[in-house]
Participant: 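Sharing a structure, written as structure tokens. Questions coming.
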Protein chains: 2
Amino acid sequence: MENVRNMFQIMSRNFGLLSEQCCDSCCGQEVSLVQSHILYEINRQHNPSMQDIAVALGMDITTFSRQVKTLADKGFIKKSPHPSDQRITILSLTPEGLTVENAINLTVNTQLNGVLSTMSEFERETVLRSIQLFNDAMQRSATCCVPPK
Amino acid sequence: MENVRNMFQIMSRNFGLLSEQCCDSCCGQEVSLVQSHILYEINRQHNPSMQDIAVALGMDITTFSRQVKTLADKGFIKKSPHPSDQRITILSLTPEGLTVENAINLTVNTQLNGVLSTMSEFERETVLRSIQLFNDAMQRSATCCVPPK
DNA sequence: TAAAATTATTTGCATTTTGCAAGTATATAG
DNA sequence: CTATATACTTGCAAAATGCAAATAATTTTA
């Protein structure tokens, strides 16, 4: 059993730094890293509620509530009432929010593809397949990757 | 060009959640996630200065300085003067700090190995080799993974 | 070699983020 | 209908953040 954590820690840190940089360079200081995660996740899910996104990101709901308010005030997120349950708020990106999310997405992808371009075609495909494999395995695991509490 | 960010984003988030959980379960509220990163990095480098660690983690030096103070007060870190340059502070883990770091490391590794154990031997090796490959490629890249500013 | 510029770290703020406890509002169960 | 549960918001108070400025120790340079 080698030290697996090492590799993940480094990868994770690098990706985090990259994301932060992209986040800055795309849209100035308009959105923080956590806010970009929120935009990302709203864009990925289908008509998500507040809970859905907060759970997916493993964020405390009260902190999340405030971040959503900030993003809504900035005009990047729209909060709509659930049609049949008035307690629930459905989140969606506004056109401006989508623009920001797309800009970040493009920049991150460009950076990552730049890194991947230094590999052979075979290596590149192996790497991508591996990450998918690992994500699937994480998904299957019950004990880990469950948001705290 | 597929959406590479997706995979990394998910992997990174999962690993982050896992680390946070491990951090909690190992040592209660004794150390936060960022503090665990600091312990990790000090343990990895050889006689690192404050700058070394702050840069490696992409942290603002002033925030870092305070976190180091907190960890030193908790007795997990020792600050020693550099032998030939009095401006520099060399960081090291105390025995207690090392114990905490080892506990976190063990827990994270155990969790990760649990996830990996659901794969075939071949898949597992491919995944680990891939991550190493990717980290190396990140290392080579000049444009990305450079701490902001 | 003395003043100027550089480097490493710390401190003073003011802002932002965080999370627990408690509150409000809506829906469901008994 | 009352009681309980669910979804979200607010009131704090603590922690984390980062810029500007301070301090302290080297180097550079004129």
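Reminder, nothing fancy here: chain letters follow the sequence lines and each chain counts from 1.
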Participant: For D:dA16, does either OP1 or OP2 sit under 4.0 Å from a side-chain N or O belonging to B:Gln67?
Facilitator: yes
Participant: Distance criterion of 3.5 Å, no angle test: do you see the side chain of A:Ser49 paired donor-to-acceptor with the base of D:dC8?
Facilitator: no
Participant: Heavy atoms under 4.0 Å, any strand shown: does B:Thr63 hit a base, just sugar-phosphate, or nothing?
Facilitator: base
Participant: Does A:Thr62 get its side chain close enough to the base of D:dC8, under 3.5 Å, for a donor-acceptor pair?
Facilitator: no
Participant: So which nucleotide from D:dT9, C:dT10, D:dT17 ends up closest to the side chain of B:Ile61?
Facilitator: C:dT10
Participant: Using a distance-only test with no angle check, is there a side-chain donor-acceptor pair under 3.5 angstrom linking B:Thr126 and A:Ser130?
Facilitator: no
Participant: Counting heavy atoms from C-beta on, name the nucleotide in D:dA16, D:dT17, D:dT9 closest to the side chain of A:Met50.
Facilitator: D:dT9
Participant: Looking only at the side chains, is there a donor atom on one of B:Asp52 and B:Ser49 sitting less than 3.5 Å from an acceptor on the other?
Facilitator: yes
Participant: Do B:Arg5 and A:Asn105 get their side chains close enough for a donor-acceptor pair, meaning under 3.5 Å?
Facilitator: yes
Participant: Roughly how many Å is it from CD in A:Gln86 to P in D:dC8, rounded to a whole number?
Facilitator: 12 Å
Participant: Find the distance A:Phe64:CZ to D:dT10:P and express it as a whole number of Å.
Facilitator: 15 Å
Participant: Within the structure shown, what part of the strands sits under 4.0 Å from B:Thr70 by heavy-atom distance: base, sugar-phosphate, or nothing?
Facilitator: nothing
Participant: Measure from the side chain of B:Met59, starting at C-beta and using heavy atoms only, and say which of D:dT17, D:dA25, C:dT18 lies closest.
Facilitator: D:dT17
Participant: Expressed as a whole number of angstroms, how long is the span from A:Asp73:CG to C:dT16:P?
Facilitator: 13 Å
Participant: Using whole Å, report how far CD1 of A:Ile53 lies from P of D:dA7.
Facilitator: 14 Å
Participant: Quick one: which of D:dC19, D:dA16, C:dC20 gets closest to the side chain of B:Asp60?
Facilitator: D:dC19
Participant: Separation of B:Ile38 atom CD1 from C:dT9 atom C1', in whole Å?
Facilitator: 15 Å
Participant: Just to confirm, is there a sub-4.0 Å distance from OP1 or OP2 of C:dT10 to any side-chain nitrogen or oxygen of B:Lys79?
Facilitator: yes
Participant: With distance as the sole criterion, is a donor-acceptor pair present between the side chains of B:Asn6 and A:Tyr40 under 3.5 Å?
Facilitator: yes
Participant: Looking at B:Arg87 and C:dT7, is any side-chain donor or acceptor paired with a base atom of the opposite kind under 3.5 Å?
Facilitator: yes
Participant: Grab the CG-P distance between A:Leu57 and C:dT18 for me, whole Å please.
Facilitator: 11 Å
Participant: Between atom CG in A:Leu33 and atom P in D:dT17, what is the gap in whole Å?
Facilitator: 12 Å
Participant: Starting at CG of A:Asp52 and ending at P of D:dT6, how long is that distance when rounded to a whole Å?
Facilitator: 15 Å
Participant: With DNA chain D as reference, determine whether A:Gln51 or A:Arg66 sits nearer its 5' end, using the nearest nucleotide of each.
Facilitator: A:Gln51
Participant: In terms of side-chain heavy atoms, does B:Asp136 have a donor or acceptor partner in B:Gln132 at a distance below 3.5 Å?
Facilitator: yes
